[in-house]
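Taking it in order: structure first as structure tokens, then the write-up.
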Amino acid sequence: MSPMPLGDGPLIVQSDKTVLLDVAHAEAGAARAALAPFAELERAPEHVHTYRITPLALWNARAAGFDAEQAVDVLERYSRFPVPQALLIDVAETMARYGRVRLLKHPAHGLILEADEAAILTEITRNKKIAPMVGTLIDATTVPVHPSERGRIKQELTKLGWPVDDRAGYVDGESHPIQLNHDGWELRDYQQYATESFWEGGSGVVVLPCGAGKTIVGAASMAQAQTTTLILVTNTVAGRQWRDELLRRTTLTSDEIGEYSGERKEIRPVTIATYQVVTRKTKGEYKALELFDSRDWGLIIYDEVHLLPAPVFRMAADLQSRRRLGLTATLVREDGREDDVFSLIGPKRYDAPWKELEMAGYIATAECVEVRTTLTDDERMMYATAETRERYRLAACSEGKLGVVDKLLARHAGQQTLIIGAFIEQLEDIAARTGAPLVSGTTSTKKREEAFDAFRNGDIATLVVSKVANFSIDLPEAAVGIQVSGTFGSRQEEAQRLGRLLRPKADGAEALFYTVVARDTLDAEYAQHRQRFLAEQGYAYRLVDAADL
């Protein structure tokens, strides 16, 4: 016999920690926003979205100041049926695990691990991976930790279900004067709050939509720290945008900012390095380790922290005495290593919902449209007989997408338009067909900057870009995005691509993000997966048939 409804809430909360959201419900938007701090969206078809309450989501929420009472209140307030009591107890107990184990500095023993109860510490110290990292018990609830293991012990304790509250403090690093210049601008309220939340927590991640000023939060954190700073970025173009923004927003001069990239090896009080150079090996060794040891860094900023390469996690484990700030638009990692970001960079300290910033006018409003095409008979046969790995490329690069691009360019003639894709041959065809420049991984840094500048200045209205433009590229007047192919089902890529369009436009116009998908193929399946993060943020995709454009 099914339970009697409590009311007409939009949520159905189930004992397996899944939460179903009725998208058509009048309170769906409010329930989605209330769920976001502590639940992760798993599936987002048309009518019912499925969320899952995970331990990591609950611990991130707890670290950001969201408590179990608030989580329970959200579930009970919006639920259509009585919430399973066991689930409510589990949410409260899981959130309570954060902070019951602490890393502290001790005047006599150096770094120590302290637990609320002797039984917790016994469980921890008997773990075969953790045992070599600790010394002899000081007392029933305290044990010394080898200082070099500060990062690794946090990783292992998170896996064990005892996330650590790291209160061991940080070295100040080499002091260096940095001030915000406030020349005709002020920090927005959420940027101020994000900076304060990071600073109070010591280390951690700030999540802001693209176009909401993550770089400014970085600059404000540097002004707070007043210390030498190492900034790690995705590529050289992104690094130079950081440099330009720091010169514009702070008292730093060009002589104080160094670039450590494939082209230059400058180490200065503020040094901007690319992940690629940092992770490059020579004769089996990471050459860039000299960069980490070259100065007494007081602050390390990881831009686009959701893209942190695996080798940088190992380096991050050795940098636990330095303050660490991760910046990202989405904490989603396609490799599932969110727990390493939590352990080694720090928990989420601040997360601004995209739709709230949109309503406040800080980012552009955006409409998402999925345009569905149909494979030709020949393409359908090739798709049916292809190997699984080849099927996605065949569907993603199908001929019908070119006609859709032509129609959309004609519809939005004169508007600043980005055509974005994952397959170079497809993009080369589109560039040749439209006469628009193509920026890809093989384009030199100089030519990339020239193309981006021409687009920013309005000298060209259309730009074709590969995934090199997914991240940290500032193209404020881009108003239309046409995505012809993606990296399989990457949610963070979809978020970043929409993010290219979200800087508020001078004319206040709405941004339009089209994703062109071949129906009845892997392309459609991956597209649905990619859209999950944006659905979580409240963006709905309107479906259109290519024939109806």
Side-chain angles (χ1 to χ4, degrees), residues 9 11-21 30-42 50-79 82-104 113-121 123-124 141 153-167 193-194 197-198 200-207 326 331-333 336-353 536:
L11 299 183
I12 297 172
V13 184
Q14 305 186 112
S15 56
D16 64 352
K17 300 188 186 68
T18 56
V19 180
L20 306 179
L21 171 66
R32 178 190 290 113
L35 266 182
F38 65 94
E40 297 172 5
L41 185 66
E42 282 199 328
T50 304
Y51 288 78
R52 184 171 296 279
I53 300 170
T54 67
L56 192 63
L58 292 171
W59 295 333
N60 264 315
R62 187 71 193 89
F66 195 92
D67 62 31
E69 193 175 319
Q70 290 170 282
V72 167
D73 178 62
V74 167
L75 296 174
E76 292 189 325
R77 185 176 359 137
Y78 291 106
S79 183
V83 181
Q85 193 66 17
L87 180 140
L88 296 177
I89 292 168
D90 190 64
V91 165
E93 290 185 350
T94 300
M95 292 184 88
R97 288 172 84 96
Y98 180 78
R100 290 172 71 188
V101 177
R102 298 165 293 280
L103 276 170
L104 304 164
L113 187 71
E114 177 185 83
D116 277 357
E117 302 162 30
I120 297 173
L121 194 67
E123 178 189 345
I124 287 167
T141 58
I153 199 168
K154 289 196 289 187
Q155 279 181 294
E156 292 304 326
L157 285 168
T158 298
K159 290 172 186 168
L160 197 60
W162 290 111
V164 181
D165 185 359
D166 186 347
R167 302 182 194 170
Y193 189 68
S197 299
F198 157 70
E200 286 168 15
S203 278
V205 178
V206 167
V207 183
L331 265 177
V332 168
R333 282 184 65 95
R337 294 189 72 163
E338 292 93 344
D339 57 341
D340 283 334
V341 174
F342 177 90
S343 305
L344 298 176
I345 309 304
K348 181 170 64 178
R349 299 295 181 188
Y350 182 77
D351 188 352
E536 192 172 15

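These numbers come from the heavy atoms of this one structure, side chains and all, not from hydrogens, waters or symmetry mates.
- Cation-pi geometry between Arg100 and Trp162 is not met at under 6.0 angstrom from the ring centre and within 45 degrees of the axis.
- Counting heavy atoms from C-beta on, the side chains of Leu113 and Leu157 come closer than 4.5 Å.
- With rounding to the nearest 0.5 angstrom, the CG atom of Leu56 is 11.5 Å from the OH atom of Tyr98.
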Derivation of the side-chain contact (heavy atoms from CB on, under 4.5 Å) call for Leu344 and Gln155: CA-CA 7 Å; Leu344 298 176; Gln155 279 181 294; 3.6 Å; yes
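- Side-chain contact, Thr158 with Ser343: a donor N or O sits under 3.5 Å from an acceptor N or O.
- A donor-acceptor pair is defined here as one N or O able to donate and one able to accept, closer than 3.5 Å; no such pair exists between the side chain of Arg62 and the backbone of Gly99.
- In terms of heavy atoms, Ala33 sits closest to Pro37 at O-CD, 3.4 Å.
- Across all their heavy atoms, Pro84 and Ser15 have their closest contact at CG-N, 3.8 Å.
- The minimum heavy-atom distance between Thr141 and Ala118, with the atom names listed, is CG2-N, 3.6 Å.
- The pair Arg102-Asp166 does not count as a salt bridge, with every side-chain nitrogen at least 4.0 angstrom from each carboxylate oxygen.
- Under the 4.0 Å criterion applied to side-chain N and carboxylate O atoms, Asp90 and Lys17 are assigned as salt-bridge partners.
- To the nearest 0.5 Å, the span separating CD1 on Ile124 from CD1 on Ile153 amounts to 7.5 Å.
- Across every non-hydrogen atom of Ala34 and Phe66, the tightest pair is O-CZ, 4.5 Å.
- With hydrogens and angles disregarded, a donor-acceptor distance shorter than 3.5 Å links the side chain of Arg349 to the backbone of Ser203.
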Evaluation steps, side-chain contact (heavy atoms from CB on, under 4.5 Å), between Lys348 and Val207: CA-CA 7 Å; Lys348 181 170 64 178; Val207 183; 3.9 Å; yes
Leu11 and Leu20: CA distance, side-chain angles, deciding distance, side-chain contact (heavy atoms from CB on, under 4.5 Å) verdict: CA-CA 6 Å; Leu11 299 183; Leu20 306 179; over 6 Å; no
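- The structure places CG of Leu121 at 9.5 Å from CD of Glu114, a figure rounded to the nearest 0.5 Å.
- Nearest heavy-atom pair, Ala68 versus Ala92, reported as atom, atom and distance to 0.1 Å: CB-CA, 3.7 Å.
- For the atom pair Leu103 CG and Asp165 CG, the distance stands at 9.0 Å (nearest 0.5 Å).
- Thr50 has its side chain out of reach of Val19: every pair of non-hydrogen atoms, C-beta onward, lies at least 4.5 Å apart.
- Side chain of Arg97 to backbone of Pro163: no donor-acceptor contact under 3.5 angstrom is found.
- Expressed to the nearest 0.5 Å, how far CD of Glu156 lies from CG of Leu160 amounts to 8.5 Å.
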side-chain contact (heavy atoms from CB on, under 4.5 Å) between Ile53 and Leu75, intermediate numbers included: CA-CA 11 Å; Ile53 300 170; Leu75 296 174; 4.1 Å; yes
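- Closest approach of Asp351 and Pro353 over heavy atoms only: O-CD, 3.5 Å.
- In summary, the aromatic rings of Tyr350 and Phe198 are positioned with their centroids too far apart to meet the 6.0 Å limit.
- Atoms OG1 and CZ, on Thr18 and Arg52 in that order, are 6.0 Å from each other to the nearest 0.5 Å.
- The side-chain heavy atoms of Leu21 and Arg32, taken from C-beta on, include a pair separated by under 4.5 Å.
- A donor-acceptor pair under 3.5 Å is absent between the side-chain atoms of Asn60 and the main chain of Pro347, judged by distance alone.
- Looking at heavy atoms from C-beta onward, Ile89 lies in side-chain contact with Glu93 at the 4.5 angstrom threshold.
- With hydrogens and angles ignored, the 3.5 Å screen pairs no side-chain donor or acceptor of Ser79 with any backbone N or O of Pro82.
- Of the possible polar contacts, none joining the Trp59 side chain to the Val164 backbone as a donor-acceptor pair under 3.5 Å is found.
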